[in-house]
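Since the structure comes first, as structure tokens, the remarks are kept for the end.
The figures here come from the full heavy-atom set of this structure, side chains too, leaving out hydrogens, waters and symmetry mates.
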Amino acid sequence: MSVWRKELITASLLLLSACIIGAIAGVLFPALFLVTLFLWVCQLLQIRRFERWISAGGKGIYPKTTGIWEEIYYHIYRIKKSDKRRKKKLRKMIEQFRQSTEALPDAAVVLRANDEIEWANKAARLVLGLQQSDKGQRIVNLLRFPDFIRYLKSGNYSEPVILPSPLNNRITLEVRVICYGSGLRLLLAQDVTQLKKMQIMRKDFVANVSHELRTPLTVLKGYLETLQDMDDDTSPLLTNSFKEMRGQTERMQHLVDDLLLLTRLETQQKKTQCIDVPALLGQICKEGDTMENASRRIELTLETAAHLYGEEQDLRSAFTNLLGNALKYSPDDSVVKVRWYQGKDEIVLDIEDFGEGIAASDIPRVTERFYRVENKRRSKIPGTGLGLAIVKHVLMRHEATLAITSELGKGSCFSCHFPLKRVCCSG
Ligand code: ADP
């Protein structure tokens with residue numbers, strides 16, 4: 001029998017007995033009143049006991065009671081017990097998470113809105129110099145690097161920012177921010193000192209080797225020219241060997257020049273000036289026309305007279321490389337279109353050819369150093385595989401991007417997108 005039913009039957013039996021006894025004794029209503037009062041007082045006492053137990057946190061075993069109240073106590077006790085178990089499990093999980101983040105070799109800091117520190121791991125204390133007591137402090141007051149403050153304010157965290165460690169400026173940190181939850185951000189700082197050192201060593205090595213190769217190559221080329229001049233064409237083998245040797249020496253000279261240019265782009269300080277890009281394009285297209293087969297026609301369209309802040313020599317190299325490629329990788333009689341125009345929020349240079357095009361799988365790789373698309377016909381086309389890497393670097397230095405659209409057999413379009421803030425004169 002359910003406890004509810006038992007409870008009802010007991011109360012009903014009590015009331016019935018009161019009715020019978022009261023009727024026999026001629027005091028029906030007082031008897032009924034007394035029994036009702038008794039039941040009411042009993043429930044009040046139970047409620048008081050319950051209120052006391054629950055207001056004390058419902059801790060420990062519940063008071064001894066019977067009937068429906070025992071049932072109520074039991075249910076609450078059970079809910080509290082399972083709640084306690086869940087809390088314990090959760091606490092254990094949080095502790096394990098804290099231990100794992102504490103053991104992370106990278107610094108991790110949780111930031112609230114307003115850049116306040118919510119939590120930081122051990123590495124953050126060692127690398128960023130944060131203290132336990134810094135909780136609630138604004139991180140920009142503790143890491144006062146202008147680059148970092150600008151990065152945090154920008155809200156654009158797609159790229160990391162490079163900073164020296166505030167504790168030791170010989171340690172280089174790569175800091176990135178990840179947004180999560182509502183208004184929370186996770187700041188991760190990784191020690192990239194060794195990586196940066198290796199990069200500097202690689203740059204120095206390439207620069208030194210390229211520089212050292214320059215003189216012997218010039219000497220070699222000079223002697224080859226003299227030998228070619230002295231050649232009386234009596235031996236075809238010798239004549240061909242001289243030709244081949246000269247071709248290869250020139251190729252190596254191009255390679256060395258491109259490597260030196262790349263090193264300069266990576267290391268040298270920017271020296272910007274206002275450049276008349278339409279005039280520059282005019283010159284390059286003229287050079288391109290004479291340089292390549294005359295039947296190739298370069299169609300130059302200048303829709304805007306915009307000048308740009310930048311480095312003339314570098315832009316010249318980039319545009320010459322793009323135009324040279326368009327001419328190289330398209331048939332002798334096809335048009336190459338060069339268009340300088342204003343797009344939405346940008347100034348664009350399109351160099352479009354109707355040549356052999358690039359396969360979709362090769363497009364993301366053509367700007368890598370030394371990457372050349374494998375092709376029997378192309379292997380005869382001279383090149384170093386460094387041209388587009390130079391273009392990419394030059395555009396990066398001008399806050400511009402390179403977009404490549406291409407279709408095999410139809411042609412390619414290389415677009416350089418410059419931000420409007422780079423415009424120094426609209427003509
Ligand atoms: P390369 O000296 O070989 O031309 P680049 O870095 O300039 O080196 O170009 C890399 C590769 O991209 C080229 O070898 C070529 O396969 C491909 N490429 C570049 N421009 C074009 C183009 N306009 N049409 C087709 N393929 C191109």
Side-chain angles (χ1 to χ4, degrees), residues 1-104 108-122 124 130-139 178-187:
M1 206 190 294
S2 85
V3 210
W4 253 117
R5 232 198 253 164
K6 256 193 198 164
E7 199 81 5
L8 275 174
I9 290 171
T10 317
S12 310
L13 280 176
L14 263 173
L15 285 168
L16 194 69
S17 318
C19 283
I20 296 167
I21 295 168
I24 293 167
V27 284
L28 176 66
F29 287 109
L32 263 176
F33 174 74
L34 274 176
V35 170
T36 315
L37 189 71
F38 170 72
L39 287 172
W40 184 64
V41 170
C42 280
Q43 292 308 320
L44 266 184
L45 286 173
Q46 289 286 19
I47 291 171
R48 189 167 155 247
R49 244 169 124 193
F50 178 71
E51 193 272 334
R52 275 191 181 165
W53 180 70
I54 207 89
S55 60
K59 281 185 205 137
I61 199 84
Y62 50 87
K64 202 141 184 69
T65 180
T66 52
I68 190 73
W69 280 102
E70 187 180 17
E71 209 51 15
I72 292 171
Y73 277 117
Y74 173 68
H75 285 311
I76 292 178
Y77 174 73
R78 219 184 42 181
I79 291 168
K80 281 193 75 76
K81 211 170 165 187
S82 81
D83 208 38
K84 208 170 155 187
R85 237 181 284 132
R86 229 183 23 243
K87 265 190 192 156
K88 202 173 162 188
K89 209 167 144 189
L90 220 72
R91 219 176 293 131
K92 202 172 157 193
M93 269 169 69
I94 291 173
E95 193 45 42
Q96 277 171 353
F97 174 75
R98 278 175 68 97
Q99 277 172 4
S100 60
T101 44
E102 278 290 309
L104 270 179
V109 184
V110 174
L111 297 176
R112 286 195 292 244
N114 213 16
D115 305 333
E116 285 165 2
I117 299 171
E118 168 75 34
W119 171 86
N121 71 351
K122 192 174 156 197
L130 300 179
Q131 308 287 326
Q132 296 272 26
S133 54
D134 289 336
K135 193 177 166 186
Q137 294 256 29
R138 293 190 66 215
I139 194 155
I178 299 146
C179 298
Y180 74 99
S182 52
L184 289 175
R185 280 164 301 165
L186 177 68
L187 181 146

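Under the 4.5 Å side-chain criterion, counting only non-hydrogen atoms from C-beta, Ile76 is not in contact with Tyr62. Taking 4.5 Å as the limit, some side-chain heavy atom of Tyr180 sits within range of a side-chain heavy atom of Val110. A heavy-atom distance below 4.5 Å is not found between the side chains of Ile54 and Tyr73. For the pair Asp115/Arg185, a side-chain contact is recorded, criterion being any heavy-atom separation below 4.5 Å from C-beta on. Using a 4.5 Å heavy-atom threshold, the side chains of Lys88 and Lys84 count as separate. Residues Arg112 and Leu184 meet the side-chain proximity criterion, which asks for heavy atoms closer than 4.5 Å.
Nearest heavy-atom pair across Thr65 and Gln46 is OG1-NE2, 3.1 Å. Across Ile117 and Ile139, no two heavy atoms sit closer than the pair CG1-CB, 4.1 Å. Here the closest heavy-atom approach between residue Leu32 and residue Thr36 is recorded as O-OG1, 2.6 Å. Pro63 and Arg49 get closest at one heavy-atom pair: CB-NH2, 3.6 Å. Closest non-hydrogen pair, Arg138 versus Asn114, comes out as NE-O, 3.0 Å. Contact detail for Ala120 and Glu102: the closest heavy-atom pair is O-OE2, 3.9 Å.
Between atom CG of residue Leu28 and atom CD1 of residue Ile21 there is a gap of 11.5 Å, rounded to the nearest 0.5 Å. For the atom pair CD (Gln137) and CD (Gln131), the distance works out to 10.5 Å, reported to the nearest 0.5 Å. The line from CG of Asn121 to CG of Leu130 is 9.5 Å long, rounded to the nearest 0.5 Å. Considering CD1 of Ile72 and CD of Glu70, their distance stands at 11.0 Å, rounded to 0.5 Å. Taking CG of Asp134 as the reference point, atom CH2 of Trp119 lies at 14.5 Å (rounded to 0.5 Å). Put simply, CG on Leu15 and OG1 on Thr10 are 11.0 Å apart, with the number rounded to the nearest 0.5 Å.
Every side chain to side chain donor-acceptor pair (under 3.5 Å) that Arg86 has, sequence neighbours left out, goes to Asp83.
Taking a 6.0 Å sphere around CH2 of Trp4, one finds it holds 12 or fewer heavy atoms contributed by other residues, nucleotides or ligands. Atom CZ of Arg98 is surrounded by 12 or fewer heavy atoms from other residues, nucleotides or ligands within 6.0 Å. Remark: Phe29 CZ is loosely packed, at most 12 non-hydrogen atoms of other residues, nucleotides or ligands lying under 6.0 Å away.
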